[in-house]
Amino acid sequence: MAASVAVENLNPKVLKCEYAVRGEIVIHAQRLQQQLQTQPGSLPFDEILYCNIGNPQSLGQQPVTFFREVLALCDHPCLLEKEETKSLFSADAISRAKQILSSIPGRATGAYSHSQGIKGLRDAIAAGIASRDGFPANADDIFLTDGASPGVHMMMQLLIRNEKDGILCPIPQYPLYSASIALHGGALVPYYLDEKTGWGLEISDLKKQLEDARSKGIDVRALVVINPGNPTGQVLAEDNQCDIVKFCKNEGLVLLADEVYQENIYVDNKKFSSFKKIARSMGYGEDDLPLVSFQSVSKGYYGECGKRGGYMEITGFSAPVREQIYKISSVNLCSNITGQILASLVMNPPKVGDESYASYKAEKDGILQSLARRAKALEDAFNNLEGFSCNKAEGAMYLFPQILLPQKAIEAAKAAKKAPDAFYALRLLESTGIVVVPGSGFGQVPGTWHIRCTILPQEDKIPAVITRFKAFHEAFMAEYRD
Ligand SMILES: Cc1ncc(COP(=O)(O)O)c(CN[C@@H]2CONC2=O)c1O
């Protein structure tokens, strides 16, 4: 009897969906890792270096002490009754844990919470947003989520009715967006970031893409902006952000502002300004612009990817629409409480004068300064490789160099039925154990080829990564040079 479930009879939207960050190269890497374990010495390297995913703690980054102290105490509240706890935990972590527990009904961190998240934690997050931006924020606008990803999916679910509904997305883009649009049966309307101007976003190109989509009968619903950018690492200038806000208001678009890398800024001439702050600074209020701002505990200096924490701040939507957003968030009951607590800590870290402030600040600065050094070291190394050109990583966690591949390599890739940058990434993996994601997984100007490499290997490993990468690239170019 034919299998009742086969690829042929699955939801075609699932088959259309792709997510390269954990795609074919990573799957092959996992096979090689298995081989290293069962047949040590059988490969030309002794470990797999996963530079494909922004997963800092998987590469040795340590969690922030204060955050973990508070989480531990909240997870096991009876510790707070024990005398010895005072010698093991900082006084401000103890008081913060007590404050958080008092905001949870029955101090029950194992219970379902309100579907938007625990009110007291949303109050803390709203206070953190207001302190960051200098403009009010409302706890009722905040929906706590299991990372930013579910928030993105919820908004795509809300906005996309059919294949005629379009979402303007940057190219290159983080493939959560293309995957979610595909899963929800919508149309991705691309706008190209300009590599020559450091991945600048030209409003004229936005306008052209919007008009082109509309002329094809696409109802463009929203504009996605990722700032700082993934995979491109640029930090938008404030005047560019103002133009984007104006564009969305004038064109009647929802602005989906992905700001999960807001703490990852590595250059002195740029700083992070939220789109909420920009819009309010321009005098745009609730009635002017529907804006959704995404934040996560997975990035920054905290890198708590596995704790699955984050939120979306929803402003500028009518009450009936907000009711629908609440309804879809309630279908999943609530996000996990650890992630909720962590999101409130990330938005309200220790302040000057708190007992933990000095150690917290030292941990935070140490991580961010190291990330900046690693970004610079890898950027310089890439720019010293034949055929590579790599823009500065002003922020986020990635470098996205363009590679001018010889025609012979492009033909070899074709013969192997692979995109040239995927062919390169596979050969890199098989020679060095380094895992990167081909640019074709993020989208790129046709005929250009890129790879995305994280800046996350621990600092003492970066020289070895560079040496291995350089040796591979020189051998690859010698093999395929025209
Ligand atoms: C721009 C952007 N938005 C949202 C997310 C989702 O994060 P969470 O769901 O964990 O909050 C990521 C994750 N970054 C992916 C995962 O690691 N590497 C990446 O490119 C991201 O880079």
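As the structure lists them, so they are numbered: ligands from 1, and atoms in each ligand from 1. Quick caveat: nothing in here was measured; it's all calculated off a predicted structure.
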Do any nitrogen or oxygen atoms of [X] lie less than 3.5 angstrom from nitrogen or oxygen atoms of ligand 1?
X    : result
S298 : yes
I226 : no
N55  : no
N230 : yes

Next on the checklist: Can you confirm whether the side chains of E379 and Y266 place a donor and an acceptor under 3.5 Å from each other?
Outcome noted: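 On atom types as modelled, these side chains do not qualify, holding no pair under 3.5 Å.
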Checklist entry - Side chains of Q234 and T232: donor-acceptor distance under 3.5 Å anywhere? => result yes
Checklist entry - What class does the angle between the rings of Y360 and F67 fall in, given that below 30° is parallel, 30 to 60° is tilted and above 60° is perpendicular? => result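 Aromatic pair Y360/F67 classed tilted.
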Next on the checklist: Which label fits Y19 and Y174: parallel for a plane angle under 30°, tilted from 30 to 60°, or perpendicular past 60°?
Outcome noted: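 Ring orientation of Y19 relative to Y174: perpendicular.
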Checklist entry - What part of Y261 sits under 4.0 Å from ligand 1 if we count only heavy atoms: the side chain, the backbone, both or neither? => result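 Side chain only.
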Checklist entry - Given that the side chain starts at C-beta and the backbone is N, CA, C, O, which of these parts of K307 lies under 4.0 Å from ligand 1, counting heavy atoms, or is it both or neither? => result neither
Check [Y] with [X], please: is the shortest side-chain N to carboxylate O separation under 4.0 Å?
X    : Y    : value
D212 : K208 : no
R132 : E263 : no
E24  : K418 : yes
K461 : E47  : yes

Quick test: of every protein heavy atom, which one is nearest to [atom], and how far off is it to 0.1 Å?
atom                    : result
atom 5 (C) of ligand 1  : Y174 CE2, 3.5 Å
atom 19 (C) of ligand 1 : Y398 OH, 3.2 Å
atom 17 (O) of ligand 1 : G54 N, 2.8 Å
atom 9 (O) of ligand 1  : S149 OG, 2.6 Å
atom 14 (N) of ligand 1 : K299 NZ, 3.0 Å
atom 1 (C) of ligand 1  : D258 OD2, 3.3 Å

Checklist entry - Numbering the atoms of ligand 1 from 1, which are under 4.0 Å from a heavy atom of R308? => result 8 (P), 9 (O), 10 (O)
Checklist entry - Considering only heavy atoms, which of E304, Q173, R452 lies nearest to atom 20 (O) of ligand 1? => result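 It is R452 that holds the nearest heavy atom.
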Next on the checklist: Can you pull out every side chain to side chain donor-acceptor pair (under 3.5 Å) where at least one residue sits in residues 182-192? Sequence neighbours excluded, please.
Outcome noted: S180-H184
